[in-house]
Amino acid sequence: GDSVTQMEGPVTLSEEAFLTINCTYTATGYPSLFWYVQYPGEGLQLLLKATKADDKGSNKGFEATYRKETTSFHLEKGSVQVSDSAVYFCALSGGSQGNLIFGKGTKLSVKP
Amino acid sequence: KAGVTQTPRYLIKTRGQQVTLSCSPISGHRSVSWYQQTPGQGLQFLFEYFSETQRNKGNFPGRFSGRQFSNSRSEMNVSTLELGDSALYLCASTPGPGDYEAFFGQGTRLTVV
């Protein structure tokens with residue numbers, strides 16, 4: 001079945017460091033891909049999305065490109081801030097039940 | 001525009017009891033999905049409702065059920081609670097089925113003791 005694999009955390013970075021969180025997927029068909037972010041004590045917020053191969057999603061300085069050839073959707077940000085500390089989830093659409101399928105999440109801590 | 005509202009935010013229940021959680025979607029959204037989030041299993045799909053009908057269901061036992069009302073508000077019920085049901089239950093709303101850009105509520109934290 002469809003699945004998402006993302007890098008294990010936690011990831012600890014200093015402020016202004018470069019961030020990459022790896023995400024790869026397995027899917028039949030052509031799913032849409034998403035990154036969601038969860039701040040402590042909160043639900044999930046959509047960070048960015050891409051609906052077809054080679055699309056680049058971007059928001060708040062974060063970017064991810066839908067790579068069909070490598071089945072990847074890695075999240076990047078050039079300069080992280082303390083306020084970016086959160087758990088990041090990669091997800092794809094269109095599971096067998098027509099639902100979102102999530103990776104396990106990667107916890108990011110940014111130190112001043 | 002109000003977001004997705006889940007009530008209550010926190011619940012403590014005893015094994016064997018039942019519980020009902022509520023979700024009010026964004027105004028105009030007619031599809032509601034429920035997810036269970038645990039440290040071990042991550043985010044798992046429970047079910048999706050649209051126009052008061054369950055469209056899809058995840059791989060959970062029959063103790064987990066839900067419904068949707070004509071105003072699109074949804075409830076989920078868990079009967080005969082087990083310790084392993086302790087989790088954050090998240091509700092997500094979308095305008096309609098097949099819309100995957102989901103908007104999530106803050107969740108209900110259920111603790112079973």
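Below, each value reflects all heavy atoms present in this structure, side chains not excepted, and no hydrogens, waters or symmetry copies. A, B, ... follow the sequence lines: proteins, then strands. Residue 1 opens every chain. Keep in mind that what you see is a predicted model, and the values were worked out from it rather than measured.
Checked by atom type, the side-chain pair A/T106/A/Q6 shows a donor-acceptor distance below 3.5 Å. For the residue pair B/S51/B/R30, the side-chain donor-acceptor check at 3.5 Å is satisfied.
Here the side chains of B/L21 and B/L110 are not in contact, with every heavy-atom distance at 4.5 Å or above. When side chains are defined from C-beta on, A/F18 counts as touching A/E76, because their heavy atoms get closer than 4.5 Å.
Listed options B/P39, B/A102, B/G107, B/P97 were ranked by heavy-atom pairs under 4.5 angstrom with chain A; first place goes to B/A102.
Residue A/D55 comes nearest to A/A50 through the heavy atom pair CB-CB, 3.7 Å, listed as atom of the first residue, atom of the second, then distance. Closest of all the heavy-atom pairs between B/E48 and B/S31 is OE2-OG, 2.8 Å. Residue A/S93 comes nearest to A/L100 through the heavy atom pair CA-CD2, 4.2 Å, listed as atom of the first residue, atom of the second, then distance. When every heavy atom of A/T65 is checked against every heavy atom of A/D54, the shortest pair comes out as CG2-O, 4.2 Å. A/T51 approaches A/Y66 most closely through the heavy-atom pair C-CE1, 4.1 Å.
Residues of residues 78-96 of chain B lying within less than 4.5 angstrom of chain A, judged on heavy atoms, are B/L88, B/L90 in numerical order. Among the residues in residues 77-85 of chain A, none has a non-hydrogen atom closer than 4.5 angstrom to a non-hydrogen atom of chain B. At a heavy-atom cut-off of under 4.5 Å, chain B is reached by A/F34, A/Y36, A/Q38, A/G41, A/E42, A/G43, A/L44, A/L46 from residues 23-48 of chain A, listed in order of number. Along residues 61-71 of chain B, no residue comes nearer than 4.5 angstrom to chain A, judged on non-hydrogen atoms.
Side-chain heavy atoms closer than 4.5 Å link hydrophobic residues (I, L, V, M, F, W, Y) into clusters, and following such links, possibly through other members, connects B/M76 to B/V112. Connection of A/I21 to A/I101 is established within a shared hydrophobic cluster, with ILVMFWY side chains joined at heavy-atom distances below 4.5 Å, either directly or through further cluster members. One hydrophobic cluster holds both A/V4 and A/L75 under the rule that ILVMFWY side chains link at heavy-atom gaps under 4.5 Å.
With B/T38 contributing its side chain and B/Q41 its backbone, the two residues share a donor-acceptor pair below 3.5 Å. Between the side chain of B/K57 and the backbone N or O of B/F60, at least one donor-acceptor pair lies under 3.5 Å. Side-chain N or O atoms of A/D2 include none that pairs as donor or acceptor with a backbone N or O of A/L92 at under 3.5 Å.
Ring centroids of B/F45 and B/F47 are separated by 6.0 Å or more, keeping the two rings apart.
With a threshold of 4.5 angstrom between heavy atoms, B/R9 approaches chain A through side-chain atoms but not through N, CA, C or O.
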**Q.** Check against salt bridge (charged side-chain N to carboxylate O under 4.0 Å, His left out), B/E101 and A/K49
**A.** CA-CA 8 Å; B/E101 188 171 334; A/K49 68 174 183 179; 2.5 Å; yes
